Every structure is written in structure tokens, then in C-alpha cells.
There are 2 protein chains.
Amino acid sequence: MAKNNDNKTITIYDIAKEAGVSPSTVSRVLTNNANVRPEKRERVQALIEKYNFRPNALAKGLSDTRSRVIGVLMADIRNPFYSTVYVACEDAALARGYRVILCCSLGEIDREVEQLDILKQQSVEAIIQIGGSVDAVITESTYIKKAKEITRQLPIITSGKIDDVPCYRVGIDAREAVRLLTEHLLDLGHERIALAGGRLDVISTFEKYMTYCDILKSRGISVNKRYVFEGGYDYDAGYESVKEFMAMKEKPTAIIAINDFCAAGVIRRLVEEGYRVPEDVSVVSYDNTYIANLLFPKITSIDYDYDTLGKMLADTAIDVANGENLPSFRSVTPHLVVRESSGERR
Amino acid sequence: MAKNNDNKTITIYDIAKEAGVSPSTVSRVLTNNANVRPEKRERVQALIEKYNFRPNALAKGLSDTRSRVIGVLMADIRNPFYSTVYVACEDAALARGYRVILCCSLGEIDREVEQLDILKQQSVEAIIQIGGSVDAVITESTYIKKAKEITRQLPIITSGKIDDVPCYRVGIDAREAVRLLTEHLLDLGHERIALAGGRLDVISTFEKYMTYCDILKSRGISVNKRYVFEGGYDYDAGYESVKEFMAMKEKPTAIIAINDFCAAGVIRRLVEEGYRVPEDVSVVSYDNTYIANLLFPKITSIDYDYDTLGKMLADTAIDVANGENLPSFRSVTPHLVVRESSGERR
DNA sequence: TGCACATTTGCAATCGGTTTCATTAATTCA
DNA sequence: TGAATTAATGAAACCGATTGCAAATGTGCA
């Protein structure tokens, strides 16, 4: 791909000719592991540097058995949660000599199915999928069908779970996350704790819900279903939830938002209705994206240690691709970041 | 890349054999443009569907003269401005049958230089670069050197400007953006308008600054240099700027933040010091990312119509790659989105 | 010095497509 | 119906690397 002054793409053949050796020798210098007489190696190396030669990645990928590329399929890279995980994955992959290809499904199931094919076409060695169909309890059958087909050929690593499809799970310890948040609030004296946003047909959300129920019960607090507002994972879900919560006689004194976007909506509506955060109502959330730090008040949120998560995802992908036998489920431990949005019940 | 039941990757040769035709014919069916007898075409097509066959992208890229891939090099995909532009670019590219490869430099010049090589290695037909060295007036010489080398071989499309390197510019009409914001504030009665964040050695920031000066002068208002706070493009820059501004005798009554992050810092500090936004101080910003909508108050910001920008970038890249003669500078027209953070001077 | 053995090296096949070119089959039209 | 023309097809070269294998060169030791 490097070009000489004539602007022609130069190849190992050109280097070989000028160095007076065979292309194989140049290739051996490039791949570094074969044994080449030092004198020739230097001669070739000098030309590589002279022309700033880089071997064509497509040709290399074709001839190698290993493409050294892993695919990352996410719901939407514009969401800071995903982009943070993506960058962490990429860093970890790069550290092991792998490249990463990004695909976004943008919530469209057809696109998601299509992306799996596209990644396969690119000869990726494994696919990391975060968000999208893998998170839904009842997954679209076209997706399942395609995922099954794919997993016969290359491993899928996911934070979710695909029915009937064997894949490696690298997730977040959702139970621990809920525990941290719920007990934080209980410790502050809150008992009327509401849940804002998220759909219960999404596995991680469902797990969170169940754990929330368990914890309350274990503390002798009965679960009030009206304190659970199902909705999306966005600002609006949070905003709408508060309309309902604060219209109740027994208003919640604390709200757990499904993510930082949702928390922003919750806080907005609370402020609009004249409540103060955290004096009147505490608000906490999951994900601890940079948004948690941008809002006023800054939000108490659950952090997942994205570098660790990304590394776990990438390492699993690469290890599995190399045939290593790994546990099919690993998870990262969340921790609580206390900020300004949660306080003692008054 | 599709595999049959034996889990072996199948190729056009397999399809050809089973269909009783030559690989060339299968290829013709695949590329669609050659003429193949309908009967055979159908026979081949049926097998393609049966096995869900997709031609290997690496092989295709290697044999084709056109790779139909463009590279996108950005500063940091975790920044909503970049991720929004990226998705828009990808969409536009996809619509024209092109794929996109993402690289992030994360602010490291070495990485940025390296990425140019990596993209070249991938046989991209053009590189779109937004953010990073292309934005700096005095660009690192290692970068310039590499960029020069690259542009001899493939076009670079950028929102910035690289000294001495011929590239296609697709930008934002910065002067118009400043005009919209400044006149909006002037119309609201503000005269003491401050600038928070951004470095003047960044072209777009410098352009904004110059235009700001021009507009104030044309209205007979003298420019107070103390109203210009240079800094980064983040929350902290905004936060720090307000410390200085509000310590002055003649405090500004309106602040233009260099982006939404910066605006968040500005507002935060204002609130901490007991000022209300917009009653006491108006705050506006550039970029109109979703952050502008999340904050309280919602921020009046400049929108760039990201879909149009993305399309302009991708179209330029593809057109230039195809040898079309385009104007070397095109720009998108910004517009003002008025929200809650700006109001009449009291 | 000569022979056995270890290193280097190049040839040629391969990865999986596309495309040119020559050949063959199908049409068109007088 | 047969010659001229056009459409369909396959063989083979090519894209730019890697790698198995055999040949060539170098080394060690008796």
C-alpha cells in the first residue's frame, strides 16, 4: 500500500526485487518469525523503511488462517455506555495485536441480522455483541436463526443471552449492582424506593427487578408494584415516571433510574414539580457514564469499570477464537459512586 | 464465508460445482452486471440462498480495484459530537454501497499518524478525518509528513485544514454559527458577552473568535479580552472560566461556551455561585448534542444538521475517490436552537 | 577434507474472489 | 438455411500476501 515516487502501490514483490531476494524472504522478514540471514534481513528492513511499506491487510487476511480481527456489534455507538465499552474493547484488542470492526444496529432487527453476516464476510474471528436482540427475553426469531447459524462458525461473546444459542457471556453482576444501590438508599433511611425506566422483557432489567424485590422483602418491606415504572431507557421514560410517582399519595422518597439518561429525565421532572434533589427525593442510576457528572446535582451511580469490562470482552473473544477453553460466563463487579443526588431521607 | 452442514466455509467454487457452472459464472451472478442465461442465474441464485452464501470481503477487496470502503478517523468516538457525525457518515456511505472503518486517535498524535497507515493498509478509497491534528493551526510535523505522504495516494476529507497538504474540506460555516449566537444574545439586550473554553490555535475556534470580534465591533461594542477564557473543550474549562468571569467588576451577562460539555461546567459553576440561568446570566453553546437537552436548563445551542454534514462528508469522499471533480470546500449551514438557557438581559 | 546435519532460500501453491480473452452457443436476418 | 453477428461461458491470470516443500548453502565434527 505504500507507494514510491511514481505513486504506484508497492508490494512485497517490489521490495523483493530491489533487495535482490525472493518475495518469500520479504514475507519472512515481515512476519518476523522465520529465520533469515541477518544481512538480508537488514537489507529488506531498510527498504521497508525507505518506502514506508505496509503489507496489504486484505491480502494478509486472505492468506492467513487468522484474520486477527474481531467484530463488535452494538446497539448505538452514540450512547455513551456503548461507546465507552467499545473504546475499552478496542484498546484491549489492540494490546493483543487484534483490530476491531464496529457495527451498529440502531435498534433495527433487520440491520442487526444483516450485520452478523457482514461481520462474517469480513472474516472476523469472533463477534462481541452488546445490546440489541441479545438483551431481549423473547428474541426475534429471524435473529435467533441467524445467530444459530453464525455460532456454528464463530463464537459470539455477549453481555446478554440468546435463547438456544451457545454463546460466551461476559456481563455485569446485575444482582450486586442492585444490591449496592438499594442498600445505599435503605441505609439512608429510604423505604419507598421506586424504579424508573427499563423494560422487564430485557434480561438485565428483569434481573435487577427481581433482586430489588428480594432485597426489599428481606428487609421486611413489601413491594409496591406502582413503584415500578416500565418504559424505555431514555430521558422521556424518567420524565414520565415521575409524573406517575408524584401523583401518588405515598410518594417514593428515592428513585432508581435504569440509566443516566433516564435519571436526567427524573430529575428534570422532579425539579419542575418543585421537589429538590436530594433533599426531597434521592435519585440514583446505573452506568455511571459521563452524564452522571454533568448533571446538577451530580448523580450517584453504579460504575462497571469499563476498562475491565472491555478487556474481559476482548480477551474472551480472542481466547475463544484461539480455541482456549473458557468458562462460558464471566462477570465484572460493579461499584457504587456516591455523588450529590442521594441523601438521607428527611 | 457461509458454511454448509459440515461447517466448512463455502466459496464460489463450491457453488459453481454444485450448480454445474464455472466460478466465473457465479461471480457474474454475484456482481450482477454481466450477462448470464436466466436459467443458470436462477440455479446459482438458489444455491446462494440455500447456503446463505456471502462472498469473502477480503478476497473481493483484493481483486477489485475498488474496495468500497472509506476510513473515518476521529478524535474520540465517546464524544457525542463525533459519534453523531460518525453515524451520519456511515448511513450516507451505506446508502451508496460503501462500508466505513472507524479509527480513534484519542488525542495521541502518534496514534493518529499510525491510524493513517492502518487505513491505507485496509485499502480504503478515502479518509475522512474530523478532529485531532487537522484542527490545529500548528500541526505536529510528524503528522504533516504522514498526511502529505498519504494524500499522494488517497484523498483526505476533513473539517479542518492541514498546512501544505491538499485535502478536501467539508466544514461548518463557523462565521454563521457565531453570528447566530452572538446576534441572538445582542437581540436579547446583552452586551457583555464572554467566550468560554476552546483554544485559539484550533482553527475553528480561532475563526469563531475573529467573527465574534467583528460582530461586536460592527455594533459599536469594544472587545474585552478578559471576556475570552481559553481552555479545553470540556466541563472543567467551562467551570474554571466562570470563576474568572464572575470575579470581575463588570461581569458578563451572557456566556458563549465552546460546546455543550463546556456549557455544563459553566452552568454548574454559575449555580454554585448563586446565579440563575438565564435570569442572571444567559448561557449558549455550539454543537447541540443531546447533552444540550439533558441539562437544566436546556441549552440554547447551534445545530449543524448532522445528517447533512455526514452525507456531505461521505458523498465528498466517495465522489472524490471516483475521480469526480469537486469544489475543495463545502460547508453546512448551522442554525440556532433556542431553549431555556438564554433570556433577556435584566 | 568429506560427510551428516542444520539453516537459508526460492518455487509454487494457496486464500477466494474478479476480469480479460478466446471459444462456443444462440440469434438475427437476408 | 446458412452466414454474420451477438450473447454466454469457461480457462487462466491476477490481486498481494503466506507457507509447505525441496533445493541450496552453511556449519560442525571426525
Side-chain angles (χ1 to χ4, degrees), chain A residues 1-4 8-44 47-48 51 53-69 99 120-125 153, chain B residues 1-4 8-45 47-48 51 53-69 97 118 120-125 153:
Chain A
M1 302 312 298
K3 306 208 179 180
N4 60 22
K8 182 184 129 343
T9 299
I10 78 166
T11 69
I12 54 167
Y13 296 93
D14 302 311
I15 301 281
K17 200 165 68 181
E18 189 164 340
V21 299
S22 75
S24 330
T25 301
V26 177
S27 176
R28 289 188 182 103
V29 172
L30 248 26
T31 52
N32 204 41
N33 40 5
N35 36 12
V36 175
R37 202 173 300 277
E39 161 217 343
K40 296 198 175 180
R41 158 160 279 135
E42 276 165 33
R43 196 137 40 94
V44 169
L47 287 172
I48 289 176
Y51 292 117
F53 169 77
R54 300 292 197 100
N56 180 310
L58 300 176
K60 187 166 189 160
L62 229 202
S63 61
D64 271 2
T65 17
R66 314 237 63 112
S67 66
R68 304 206 159 265
V69 175
R99 271 197 339 109
K120 194 178 64 177
Q121 253 182 107
Q122 305 291 327
S123 304
V124 300
E125 293 181 22
Q153 313 169 211
Chain B
M1 301 309 299
K3 305 206 180 183
N4 59 20
K8 183 184 128 343
T9 299
I10 79 165
T11 68
I12 54 167
Y13 296 92
D14 302 311
I15 301 282
K17 201 165 68 182
E18 189 163 341
V21 299
S22 76
S24 329
T25 300
V26 178
S27 176
R28 289 192 182 100
V29 172
L30 248 26
T31 52
N32 205 40
N33 40 5
N35 36 14
V36 175
R37 202 173 300 277
E39 161 217 344
K40 297 198 175 180
R41 158 160 280 134
E42 275 165 34
R43 195 135 44 93
V44 169
Q45 200 66 55
L47 287 172
I48 288 177
Y51 292 116
F53 169 77
R54 299 293 197 99
N56 180 311
L58 300 176
K60 188 166 189 156
L62 189 56
S63 62
D64 270 2
T65 17
R66 315 237 62 112
S67 66
R68 303 205 161 265
V69 176
I118 290 181
K120 194 178 62 176
Q121 253 183 104
Q122 306 291 327
S123 304
V124 300
E125 294 182 20
Q153 312 169 212

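Lettering of chains follows the sequences in order, A, B, ..., and the numbering in each one begins at 1. Quantities reported herein were computed from a predicted structural model and do not represent experimental measurements.
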Check A:V36, A:I15, A:I12 against A:V44 for a side chain to side chain contact (heavy atoms under 4.5 Å, CB included) and give me the one that passes. A:I15
Between C:dT18 (P) and A:L58 (CG): distance, integer Å: 13 Å
A:S22 vs C:dC11: side-chain N/O to OP1/OP2 distance below 4.0 Å: no
Can you tell me how far C1' of D:dT19 sits from CG of A:N32, to the nearest Å? 16 Å
State whether the side chain of A:D14 and the backbone N or O of A:T11 hold a donor-acceptor pair below 3.5 Å, judged by distance alone. yes
Base, sugar-phosphate or nothing for A:T25? Non-hydrogen atoms, less than 4.0 Å. sugar-phosphate
Considering only side-chain heavy atoms of B:Y13, which listed nucleotide, C:dT19, D:dT9, C:dG16, is closest? C:dG16
Salt-bridge test for A:E125 and A:R68: reply yes if a basic N is under 4.0 Å from a carboxylate O, no otherwise. no
Whole-Å distance between D:dG16 P and A:K17 NZ? 13 Å
Side-chain donor/acceptor of A:S24 to base of C:dC11, under 3.5 Å: yes
By nearest-heavy-atom nucleotide on DNA chain D, the more 5' of A:S63 and B:N35 is B:N35
Just how far, in rounded Å, is C1' of C:dG10 from NZ of A:K40? 9 Å
Taking the side chain of A:A59 as heavy atoms from C-beta outward, which of D:dA17, C:dC15, C:dT20 is closest to it? D:dA17
Quick one: label B:T65 by what it contacts on the DNA or RNA (base, sugar-phosphate, nothing), any heavy atom closer than 4.0 Å. nothing
Give the rounded distance in Å between these two atoms: CD of B:E39 and P of C:dA25. 14 Å
Counterpart residues, side-chain hydrogen bond (donor to acceptor under 3.5 Å, both in side chains), relative to A:R99 (two or more places apart): B:Q122
Protein-nucleotide distance (A:L62, atom CG; D:dA17, atom P), rounded to Å: 12 Å
Looking at D:dG16, I'd like to know if its phosphate oxygens (OP1 or OP2) sit under 4.0 Å from a side-chain N or O belonging to A:T11. no
Return yes if some donor-acceptor pair links the side-chain N/O of B:S67 with the main-chain N/O of B:G61 below 3.5 Å, else return no. no
Length of the line joining A:R28:CZ and C:dG10:C1', which is rounded to integer Å: 7 Å
Selected nucleotide, minimal atom distance to A:R37 side chain, candidates D:dG26, C:dA26, D:dG10: D:dG26
Give one of base, sugar-phosphate or nothing for A:V21, where a contact means two heavy atoms less than 4.0 Å apart. sugar-phosphate
Just how far, in rounded Å, is P of C:dC15 from CD of A:E125? 18 Å
For DNA chain D, whose closest nucleotide is more 5', that of B:D64 or that of B:P38? B:P38
Within the structure, does a side-chain N or O atom of A:K60 lie under 4.0 Å from either OP1 or OP2 of D:dG16? no
